[in-house]
Amino acid sequence: MKITSWNVNSVRQRGTAVTEWLAAHQPDALCLQELKCQDEQFPAILKEGDYHCTVMGQKAYNGVAILTRQKPEATSLGLDGFDYEEARYLEVVIGDICIGNLYLPNGNSGGPAGFQKKLDFFTALTQRAHQKLIAGQAFIFLGDYNICPTDFDFAPGALDPHDALIRPESRAAWRRLLHLGLTDAMRVLHPHHPCYTYWDYQAGALPRNRGLRIDHALLSPFMADRLQAATVDRAEREKDRASDHAPVTFSFLPAR
DNA sequence: ATGACGGCCTGCGGCCGA
């Protein structure tokens, strides 16, 4: 089983790229963030393709979608406890596995209230993970977490020391989530390589490899036991008119 | 020291992203 996260930075700009990527890699699920469009503007080329599209759009900003080979057994839009009118969270159930796709607030805009929104999302997501652990449901929560968990997760000089992506309060919120017993899928498989997933468009960040690792997958124990591989598709980021994020894919062995 | 890129909008400059 393969599940991919990709912040596409406008799905309308990336319709062809996503279609070609799906055909080439054929994941079981593709989680998209930053659609930057409303449901009815979601590209027809994707709606009419081989994948089932579960879309939670929003005008201009945010927006998440999950494309699945199988039709989901259940879908859920939004995150209880995150009381903002922003399309940032979506779940589907495939087989016995819950896939949660998230676009966590950046936290650098909007002053203290903007930063609090980021912490509020973490609180709500932690609650959601806790509920699922209690219920014994297998899950993977993946997407753009907008956080570099440690100083190893960004290139020196790529971020201001006070950036919301590395503030101590942000990192503490991330750790509270992990302390439930979840696994950071990329880092557990690649402890000695940074595994950046984002490179700014500006100042030659990509050729200079001044990147960030901010797109993550957190796994429940059942999924962690079956984790096989995690890869960043840097070649996709290197294409013309690419998103500033690369697709990140997580592979799992079948149960038993 | 500065600028730089690329999305979006009842757009033509400003905001947001990370």
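If you're wondering where the values come from, they're calculated on a predicted model, not measured in any experiment. A note on names: the letters A, B, ... follow the listed sequences, proteins ahead of strands, and every chain is numbered from 1. Atom set for the values below is all heavy atoms of this structure, side chains included, hydrogens, waters and symmetry mates excluded.
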*Between A/E34 and A/N7, does any side-chain donor sit less than 3.5 Å from a side-chain acceptor?*
yes
*Distance check: side-chain N/O of A/Q202 vs OP1/OP2 of B/dG17, anything under 4.0 Å?*
no
*Respond yes when some side-chain nitrogen or oxygen of A/Y145 is under 4.0 Å from OP1 or OP2 of B/dA18, and no when none is.*
no
*Taking only N and O in the side chain of A/N7, is any of them less than 4.0 Å away from OP1 or OP2 of B/dA18?*
yes
*Give A/L159 one of three labels, base, sugar-phosphate or nothing, depending on what nucleic acid heavy atoms sit under 4.0 Å from its own.*
nothing
*Check the side chains of A/T150 and A/D153 for a donor-acceptor pair under 3.5 angstrom, ignoring hydrogens and angles.*
yes
*Counting distance only, does the side-chain N/O of A/K2 pair as donor-acceptor with the main-chain N or O of A/H25 below 3.5 Å?*
yes
*Hey, does A/D144 reach any base, or is it just sugar-phosphate, or nothing, if we go heavy atoms under 4.0 Å?*
sugar-phosphate
*What is the distance from CG of A/L35 to P of B/dG17, rounded to the nearest Å?*
15 Å
*Using atom CD of A/Q38 as one end and atom C1' of B/dT10 as the other, report the distance to the nearest whole Å.*
13 Å
*On a whole-Å scale, what distance lies between the P atoms belonging to B/dA18 and B/dC8?*
14 Å
*So what does A/D215 touch, heavy atoms closer than 4.0 Å: a base, only the sugar-phosphate, or nothing?*
nothing
*Atom-pair distance (NZ on A/K118; P on B/dC16), nearest Å*: 16 Å
*Ignoring hydrogens and geometry, is there a side-chain-to-backbone donor-acceptor pair from A/R208 to A/A203 under 3.5 Å?*
yes
*Please report, rounded to the nearest Å, how far the P atom of B/dC16 is from the CD atom of A/E34.*
13 Å
*Tell me yes or no: between the side chains of A/K118 and A/N106, is some donor less than 3.5 Å from an acceptor?*
no
*Starting from P on B/dA18, measure out to CZ on A/R213 and report it in whole angstrom.*
16 Å
*B/dG3 and B/dC9: how far apart are their P atoms, nearest whole angstrom?*
28 Å
*Out of A/F141, A/Y145, A/Y198, which one pairs with A/H216 under the ring pair (Phe, Tyr, Trp, His ring centres under 6.0 Å) rule?*
A/Y145
_OP1 or OP2 of B/dC8 under 4.0 Å from side-chain N/O of A/S10_ = yes
*Describe the nucleic acid contact of A/N106 in one word from base, sugar-phosphate, nothing, applying a heavy-atom distance below 4.0 Å.*
base
*Looking for any heavy atom pair under 4.0 Å, which part of the strands does A/R241 touch: base, sugar-phosphate only, or nothing?*
nothing
_Using a heavy-atom cut-off of 4.0 Å across all strands, would you classify A/Y103 as base, sugar-phosphate, or nothing?_
sugar-phosphate
*asked:* Below the 4.0 Å mark, does B/dG17 have OP1 or OP2 next to a side-chain nitrogen or oxygen of A/S109?
replied: yes
*Which whole-number value in Å describes the distance from A/Q13 CD to B/dC5 P?*
17 Å
*Separation of the P atoms in B/dT2 and B/dG6, to the nearest angstrom*: 23 Å
_Integer-rounded Å distance: B/dC5 P and A/L206 CG_ = 14 Å
*Taking atom P of B/dC16 as reference, at what distance in whole Å does atom CZ of A/F115 sit?*
17 Å
*How do A/L212 and A/K36 order along DNA chain B: which one's closest nucleotide is nearer the 5' end?*
A/K36
*asked:* Check the phosphate of B/dA18 against A/N146, side-chain N and O only, distance under 4.0 Å to OP1 or OP2. Yes or no?
replied: yes
*Please state the P separation for the pair B/dC5 and B/dT10 - nearest whole angstrom.*
26 Å
*OP1 or OP2 of B/dC16 sitting under 4.0 Å from any side-chain N/O of A/K59?*
no
_Distance alone, cut at 3.5 Å: any donor-acceptor contact between the side chains of A/N9 and A/S243?_
no
*Would you say a side-chain N or O of A/H245 is under 4.0 Å from OP1 or OP2 of B/dG17?*
no
*If only side-chain N and O atoms of A/R14 are considered, is one of them under 4.0 Å from the OP1 or OP2 phosphate oxygen of B/dG7?*
yes
*Considering only the P atoms, how many Å lie between B/dG14 and B/dA4, rounded to the nearest integer?*
15 Å
